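The structure under discussion appears below in the form of structure tokens.
Model, not experiment: these values are computed from the prediction.
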Amino acid sequence: MASYIIPYLDPEKHNREEDPLFSDYTYGDDGVKGNLLKTKVLKGDVLFFYKTIENNPCITAFYEVEKVLDIQKAKMDNTIMRNYQNPHLFRNNNQDNEVIVFGNPEKSMILDTPLVVNRVLLEELSIDYNPSPNLTELQTLTLKIRWKRINNSQVKLLLEKVDSLNNEGFLEIQKELESPIVLDKTEKESVVKARIGQSIFKRKLLSREKKCRLCGVSNERFLVASHIKPWSQSNNKERLDVNNGLLLCPNHDALFDKGYISFDDDGTILISLSLDEGTGLFMNVNESMKISMNESQREYMKWHREIWNYRI
């Protein structure tokens, strides 16, 4: 196993392309580091990425490696070139040992709460701190973790730390929702919905669903965690209830969110009369589509049908 803690540069601060590209779960490199990735890293290894936040090195994401490809081989794959945006794929001139790493979207994560790397964490990881009088604490810490190869037990510990932070973040959001509203109501809903819908709520859905309920799209980048009962109409419990959600592709999410489609009690699709046949065909919906639902989802779907005036 060859897992690593890897630094990355904030593109806004360093005027360079973003990489790793978290929307893709991809990471590219070349030269010595590229050769290291190409010759040492295998499927199932874990790459942790960190950057400096408020003068502290912080792990903000990790990828479980799905595959590592030479950049020339990757460019020959039309599916890769169509679906990924990593800058290494679109450079005119390839560099020596230039490779691209693909993280498994279902086993990789961008952290809502960064994991701060400090002396205590290094001690838990059995990494000697040994500060130098000529270096600041930040410099010492980053030198200790820069392209640091870690073993299975260290990977396990970091993943446990990340999981703990994620749970704490979830509880923090719950507390926020229960606290008095300080922001304008619309502003607060917008901020918190983004945090929930794009992170925790989606990950909860992904833990039990792996593709669009209607069309089978499975690439996480193109999946939307869609609330059945909208955020603005839900109470705090409903907003965080995974049963109040469907994993959908962007097309089907847009139709469902605007009431152009719904589902009856047995999961058969209901299509609004206001959706013309041509648009329905273009958006990939037809009367034969059907989804499965548990009892809680049926209750939410009943609300959805009623609010959009479906009669069954």
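- With hydrogens and angles disregarded, no donor-acceptor distance shorter than 3.5 Å links the side chain of Gln233 to the backbone of Pro230.
- Linking ILVMFWY side-chain heavy atoms closer than 4.5 Å, directly or via other members, places Leu115 and Ile5 in a single hydrophobic cluster.
- Side-chain contact check for Pro20 versus Phe49: some heavy-atom pair is nearer than 4.5 Å.
- Checked by atom type and distance alone, the side chain of Tyr260 never pairs as donor or acceptor with a backbone atom of Gly280 at under 3.5 Å.
- Under the 3.5 Å distance criterion, the side-chain polar atoms of Asp24 are left unmatched by any main-chain donor or acceptor of Thr26.
- Remark: Lys211 NZ is loosely packed, at most 12 non-hydrogen atoms of other residues, nucleotides or ligands lying under 6.0 Å away.
- The six-membered or imidazole ring of Phe22 lies near that of Tyr8, with a centre-to-centre distance under 6.0 Å.
- In this structure, Lys75 places its NZ atom where more than 12 heavy-atom neighbours from other residues, nucleotides or ligands lie under 6.0 Å away.
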Query raised in the report: Passes side-chain hydrogen bond (donor to acceptor under 3.5 Å, both in side chains), Lys40 versus Asn35? Steps please.
Result: CA-CA 8 Å; Lys40 301 295 184 182; Asn35 186 59; over 6 Å; no
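- At a threshold of 4.5 Å between side-chain heavy atoms, the hydrophobic network of Ile, Leu, Val, Met, Phe, Trp and Tyr places Leu255 and Phe282 in one connected group.
- One distance of note links CG of Leu247 with CG of Leu205; it measures 5.5 Å at 0.5 Å rounding.
- Under a 3.5 Å cut-off, the side chain of Asp128 and the backbone N or O of Asn130 do not form any donor-acceptor pair.
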Query raised in the report: Under the side-chain hydrogen bond (donor to acceptor under 3.5 Å, both in side chains) criterion, do Tyr300 and Asp241 qualify, and how do the steps go?
Result: CA-CA 10 Å; Tyr300 284 116; Asp241 184 2; 2.8 Å; yes
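- With 3.5 Å as the limit, one finds a donor-acceptor pair spanning the side chains of Asn243 and Asn294.
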Requested in this report: Decide side-chain contact (heavy atoms from CB on, under 4.5 Å) for Leu158 and Phe48; before the verdict, give the C-alpha distance in whole Å, the side-chain angles of both, and the deciding distance to 0.1 Å.
Outcome: CA-CA 9 Å; Leu158 286 175; Phe48 293 90; 3.7 Å; yes
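- For the atom pair Leu273 CG and Asn309 CG, the distance stands at 11.5 Å (nearest 0.5 Å).
- Atom CD of Glu209 and atom CD1 of Ile291 lie 8.5 Å apart (nearest 0.5 Å).
- Listed here is the closest heavy atom pair of Asn251 and Met283: O-CE, 3.7 Å.
- At least one donor-acceptor pair closer than 3.5 Å links the side chain of Ser108 to the backbone N or O of Glu64.
- Separation of atoms CD1 (Ile150) and OG (Ser126) is listed at 12.0 Å; rounding is to 0.5 Å.
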Requested in this report: Kindly indicate, with the supporting measurements, whether the criterion side-chain contact (heavy atoms from CB on, under 4.5 Å) is fulfilled by Leu270 and Phe263.
Outcome: CA-CA 5 Å; Leu270 302 171; Phe263 301 90; 5.7 Å; no
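- Between the side chain of Asp264 and the backbone N or O of Thr268 there is at least one donor-acceptor pair closer than 3.5 Å.
- When every heavy atom of Ile145 is checked against every heavy atom of Pro57, the shortest pair comes out as CD1-CB, 4.1 Å.
- By the 4.5 Å side-chain criterion applied to Ile, Leu, Val, Met, Phe, Trp and Tyr, Leu135 is assigned to a cluster that also includes Leu143.
- Aromatic pair Tyr27/His88: centroids not less than 6.0 angstrom apart.
- Heavy atoms only, all atoms of each residue included: Leu121 and Asn118 are closest at N-OD1, 2.9 Å.
- Atoms OG and CG, on Ser226 and Asp253 in that order, are 4.0 Å from each other to the nearest 0.5 Å.
- Through direct or indirect side-chain contacts shorter than 4.5 Å among Ile, Leu, Val, Met, Phe, Trp and Tyr, Phe90 is connected to Leu69, Ile71, Ile80, Met81, Tyr84, Leu89, Ile100, Phe102.
- Looking only at side-chain heavy atoms (C-beta outward), Glu123 and Val120 stay at 4.5 Å or farther from each other.
- Annotation: side chain of Tyr129 is not in contact with side chain of Ile127 (no heavy-atom distance under 4.5 Å).
- Residues Asp45 and Ser3 bring no donor and acceptor atom of their side chains to less than 3.5 Å of each other.
- In terms of hydrophobic clustering, with Ile, Leu, Val, Met, Phe, Trp and Tyr side chains grouped at heavy-atom distances under 4.5 Å, Met289 and Met301 are assigned to a common cluster.
- Summarising the geometry of Ser292 relative to Gln297, their closest heavy-atom pair is O-OE1, 4.2 Å, with the distance given to 0.1 Å.
- In this structure, Asn244 contributes its side chain and Glu238 its backbone to a donor-acceptor pair below 3.5 Å.
- In this structure, Thr52 contributes its side chain and Asn55 its backbone to no donor-acceptor pair below 3.5 Å.
- A donor-acceptor contact shorter than 3.5 Å is absent between the side chain of Thr279 and the backbone of Leu275.
- Atom-to-atom distance recorded for His252:NE2 and Asp257:CG is 14.0 Å, nearest 0.5 angstrom.
- Other residues, nucleotides and ligands contribute over 12 non-hydrogen atoms within 6.0 Å of the NZ atom of Lys210.
- Contact check for Pro7 versus Lys51: no side-chain heavy atoms found under the 4.5 Å cut-off.
- Of all non-hydrogen atoms in Cys215 and Asn284, the two that sit nearest each other are CB-ND2, 3.6 Å.
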Report task. Give the C-alpha distance, both sets of side-chain angles, the deciding distance and a yes or no for side-chain contact (heavy atoms from CB on, under 4.5 Å) between Lys290 and Ile269. Result -> CA-CA 6 Å; Lys290 188 175 182 177; Ile269 194 170; over 6 Å; no
Query raised in the report: Between Leu159 and Gln154, does a side-chain contact (heavy atoms from CB on, under 4.5 Å) hold up when you go through it step by step?
Result: CA-CA 9 Å; Leu159 292 178; Gln154 291 170 315; over 6 Å; no
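- Taking 4.5 Å as the limit, some side-chain heavy atom of Glu124 sits within range of a side-chain heavy atom of Leu157.
- In this structure, the side chains of Asn86 and Arg91 stay at 4.5 Å or more apart for every pair of heavy atoms.
- Taking both residues in full, the closest heavy atoms of Val116 and Cys58 are given as CG2-SG, 3.9 Å, listed atom of the first, atom of the second, then distance.
- Considering Arg305, Lys302, Arg298 in turn, Arg305 is the only one that fulfils the salt bridge (charged side-chain N to carboxylate O under 4.0 Å, His left out) rule with Asp265.
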Report task. Starting from the C-alpha separation in whole Å, work towards a yes-or-no answer on salt bridge (charged side-chain N to carboxylate O under 4.0 Å, His left out) for Arg119 and Glu137. Result -> CA-CA 9 Å; Arg119 301 188 198 190; Glu137 182 170 5; 3.2 Å; yes
Requested in this report: Report the C-alpha separation of Lys107 and Glu66 in whole Å, then their side-chain angles, then the decisive distance to 0.1 Å, and conclude whether the salt bridge (charged side-chain N to carboxylate O under 4.0 Å, His left out) test is met.
Outcome: CA-CA 9 Å; Lys107 298 180 180 179; Glu66 179 65 25; over 6 Å; no
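- Screening Ile110, Asn104, Val65 for a side chain to side chain contact (heavy atoms under 4.5 Å, CB included) involving Tyr25 leaves a single residue, Ile110.
- Contact of the Asn94 side chain with the Gln72 side chain is registered, since non-hydrogen atoms from C-beta on lie closer than 4.5 Å.
- Val46 and Leu42 are assigned to two separate hydrophobic clusters, defined by single-linkage of ILVMFWY side chains at heavy-atom distances under 4.5 Å.
- Taking 4.5 Å as the limit, some side-chain heavy atom of Leu21 sits within range of a side-chain heavy atom of Gln85.
- Under the 4.5 Å side-chain contact rule for hydrophobic residues, Ile228 and Met293 share a cluster.
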